[in-house]
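In what follows, every chain begins at residue 1, and chains take the letters A, B, ... in the order their sequences are listed. All heavy atoms count here, side chains included; hydrogens, waters and symmetry mates do not. The structure presented is a predicted model; accordingly, all values stated were derived computationally and were not measured.
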There are 2 protein chains.
Amino acid sequence: MTEPPITTKDRILDVAERLFADCGFEATSLRTITAEAGVNLASVNYHFQSKEALLHAVFERRVNPVNRRRLELLDACEAEFQNEPIPLERLLEAFFRPLVLELGGVFPKLFVRFLYLESPNTFRELFAKHLRPIARRFFPAFHRSLPGLDPSELFMRIQFAVGGMAQLLAAKSLAEVIGEGSFTIPSHEVALEKLIQFAAAAMRSPVSRGAL
Amino acid sequence: MTEPPITTKDRILDVAERLFADCGFEATSLRTITAEAGVNLASVNYHFQSKEALLHAVFERRVNPVNRRRLELLDACEAEFQNEPIPLERLLEAFFRPLVLELGGVFPKLFVRFLYLESPNTFRELFAKHLRPIARRFFPAFHRSLPGLDPSELFMRIQFAVGGMAQLLAAKSLAEVIGEGSFTIPSHEVALEKLIQFAAAAMRSPVSRGAL
DNA sequence: GTCTATAGTCGGATAGAC
DNA sequence: GTCTATCCGACTATAGAC
């Protein structure tokens with residue numbers, strides 16, 4: 001086992017990830033990043049090409065392992081249940097757990113920024129590129145587990161569930177402000193369980209048309 | 001009826017709202033705002049004091065009517081049902097409808113930015129200031145409608161539901177990218193109905209402990 | 001209230017020595 | 001690979017004429 005060499009490149013990635021998550025891309029300057037990382041300003045443009053390329057690197061470093069893990073868990077489910085539909089909770093867990101629980105750090109918070117807003121136009125495309133293969137594998141699996149829902153209805157319900165996940169990942173900052181500290185904030189493990197339970201109950205509910 | 005005078009101040013507010021929603025606060029310059037609004041650069045600092053004060057004005061112009069309307073609808077529910085618990089769907093509608101359906105325009109999208117990330121530190125406090133009174137009125141009402149849930153569990157479920165709302169408000173941009181255009185995007189009216197149904201089913205589900 | 005002009009700052013990116 | 005020094009553009013904010 002060799003010592004893990006903490007290279008300049010890694011130090012930049014670590015600090016950039018944290019600052020992008022906390023303050024956003026536009027609000028974070030390369031000067032702040034390099035100062036906090038204790039590296040030279042010019043090293044960013046040496047190791048990466050530009051600030052935006054740094055953002056891409058920050059994103060890809062984490063999203064690749066997360067998505068690999070999602071597909072691993074999905075594969076395991078499909079192997080276990082063969083041609084049977086996968087139980088909904090298991091499917092939701094395969095989708096949520098790698099990002100919500102296994103990864104750790106500040107990337108999940110940054111991911112929520114990406115999901116809703118982060119602006120550079122070239123970045124939206126990168127984001128979609130990494131998410132589309134996941135959607136293409138998981139959507140049919142959800143469809144088999146919930147055969148009663150037509151695809152558009154299912155897609156919308158998955159979206160609502162993803163919204164719940166986003167809320168969980170960004171909730172610390174929100175719960176403190178709105179909840180005024182009077183509620184118990186559960187561990188991530190418990191919160192994930194509650195999210196899965198919440199989403200499963202909602203996704204299974206019968207479609208009622210024109211009820212409102 | 002006098003003609004509605006479109007003042008410089010209003011033109012600035014309108015354009016700033018749109019650009020903040022589309023690009024974010026930091027990525028939007030006063031120069032872009034004033035150029036698109038067809039007004040002078042210096043007029044922003046005359047009518048508002050600073051870029052950040054402009055953001056505050058943009059926010060308060062919309063959030064006040066929305067929150068007034070939420071409380072109106074809640075009052076109406078409480079009058080209708082007296083001491084009875086309000087049906088959950090009605091409560092969710094009172095909370096969601098003013099922002100999701102009645103307001104229109106780009107503010108809902110901007111609201112999602114505020115909810116998860118928008119950075120200026122002084123702004124988080126303004127955001128909380130406007131949301132806390134709403135939370136204080138709605139939370140007890142939810143508690144009466146779902147007496148079986150302890151407060152922390154209820155708070156978490158409300159948060160997940162809010163996540164679903166956020167997803168709906170920001171979903172246009174997302175659905176197109178991930179869904180690759182193969183799904184029907186319903187009208188806002190229908191989407192609101194689906195959101196309420198989704199959230200109600202999830203919030204009513206029994207609490208299962210240690211199931212995972 | 002609206003304009004021009006500019007102050008003063010900070011940002012990303014690069015050149016070139018070591 | 002790492003540093004210093006610097007270019008150059010963009011930004012917020014303001015001063016002051018009209």
Side-chain angles (χ1 to χ4, degrees), chain A residues 2-59 61 110 113 117-124 126, chain B residues 2-59 61 110 113 117-124 126:
Chain A
T2 60
E3 281 290 294
I6 298 172
T7 66
T8 295
K9 211 169 166 177
D10 287 331
R11 296 169 65 82
I12 294 171
L13 284 172
D14 289 343
V15 174
E17 181 180 62
R18 196 182 71 239
L19 290 174
F20 289 163
D22 285 344
C23 314
F25 177 74
E26 309 280 353
T28 302
S29 73
L30 295 182
R31 289 175 148 81
T32 310
I33 293 170
T34 53
E36 285 204 27
V39 303
N40 191 269
L41 172 60
S43 60
V44 172
N45 281 298
Y46 176 79
H47 288 288
F48 311 89
Q49 312 297 333
S50 64
K51 188 186 178 186
E52 203 168 311
L54 170 60
L55 175 64
H56 289 211
V58 165
F59 180 64
R61 178 171 70 147
L110 182 56
R113 273 185 193 272
L117 49 84
E118 212 56 64
S119 28
N121 283 330
T122 75
F123 184 76
R124 296 298 301 177
L126 184 71
Chain B
T2 60
E3 282 292 293
I6 298 171
T7 66
T8 294
K9 211 169 164 175
D10 286 332
R11 296 169 64 82
I12 293 171
L13 285 172
D14 289 343
V15 174
E17 181 180 61
R18 195 183 71 239
L19 291 174
F20 288 163
D22 285 343
C23 314
F25 176 74
E26 310 280 353
T28 302
S29 73
L30 296 182
R31 292 174 142 80
T32 310
I33 294 169
T34 52
E36 284 203 28
V39 303
N40 192 270
L41 172 60
S43 60
V44 172
N45 281 297
Y46 176 78
H47 288 288
F48 311 89
Q49 311 296 334
S50 65
K51 187 187 178 185
E52 202 168 312
L54 170 61
L55 174 65
H56 289 210
V58 165
F59 180 65
R61 179 171 69 146
L110 182 57
R113 272 185 193 273
L117 50 85
E118 213 54 66
S119 29
N121 284 330
T122 73
F123 184 76
R124 297 298 300 178
L126 183 71

TODO: Kindly say whether B/Val39 contributes a backbone atom to a donor-acceptor pair with the side chain of B/Arg11 at under 3.5 angstrom?
DONE: no

Open item on the list: Can you identify which nucleotide, out of C/dG12, D/dA13, D/dT2, has its nearest atom closest to the B/Leu30 side chain?
Closed with: D/dA13

Task: Whole-Å distance separating the CZ atom of A/Phe25 from the C1' atom of C/dG12 - done: 10 Å

- [ ] Taking the six-membered ring of B/Tyr46 (Phe, Tyr or Trp), confirm whether the NZ or CZ of B/Lys9 is under 6.0 Å from its centre and within 45° of its axis.
- [x] no

Task: A/Leu54 CG - C/dG12 C1' separation (whole Å) - done: 12 Å

Task: Atom-to-atom span, CG of A/Leu55 to C1' of C/dG11 - whole angstrom - done: 17 Å

Open item on the list: With a 4.0 Å cut-off on N to O distance, would you call A/Asp14 and A/Arg61 a salt bridge?
Closed with: yes

Task: Check: A/Phe59 ring centroid to A/Phe123 ring centroid under 6.0 Å - done: yes

Task: All salt bridge (Lys or Arg N to Asp or Glu O under 4.0 Å) counterparts of B/Asp22, not counting sequence neighbours - done: B/Lys109

Open item on the list: Need one value for B/Thr32: base, sugar-phosphate or nothing, where a base atom within 4.0 Å counts as base even if backbone is also close, heavy atoms only.
Closed with: nothing

- [ ] Using atom types as modelled and distance alone, determine if a side-chain donor or acceptor of B/Thr32 lies under 3.5 Å from a backbone N or O of B/Thr28.
- [x] no

Task: Spacing of A/Arg31 atom CZ relative to C/dT9 atom C1', expressed in whole Å - done: 11 Å

- [ ] Enumerate the residues from residues 39-48 of chain A whose closest heavy atom to DNA chain C is under 4.0 Å, giving them by residue number; use none for an empty result.
- [x] A/Leu41, A/Ala42, A/Asn45

Task: Under-4.0 Å side-chain N/O to phosphate OP1/OP2 contact, A/Ser29 with C/dG11 - done: yes

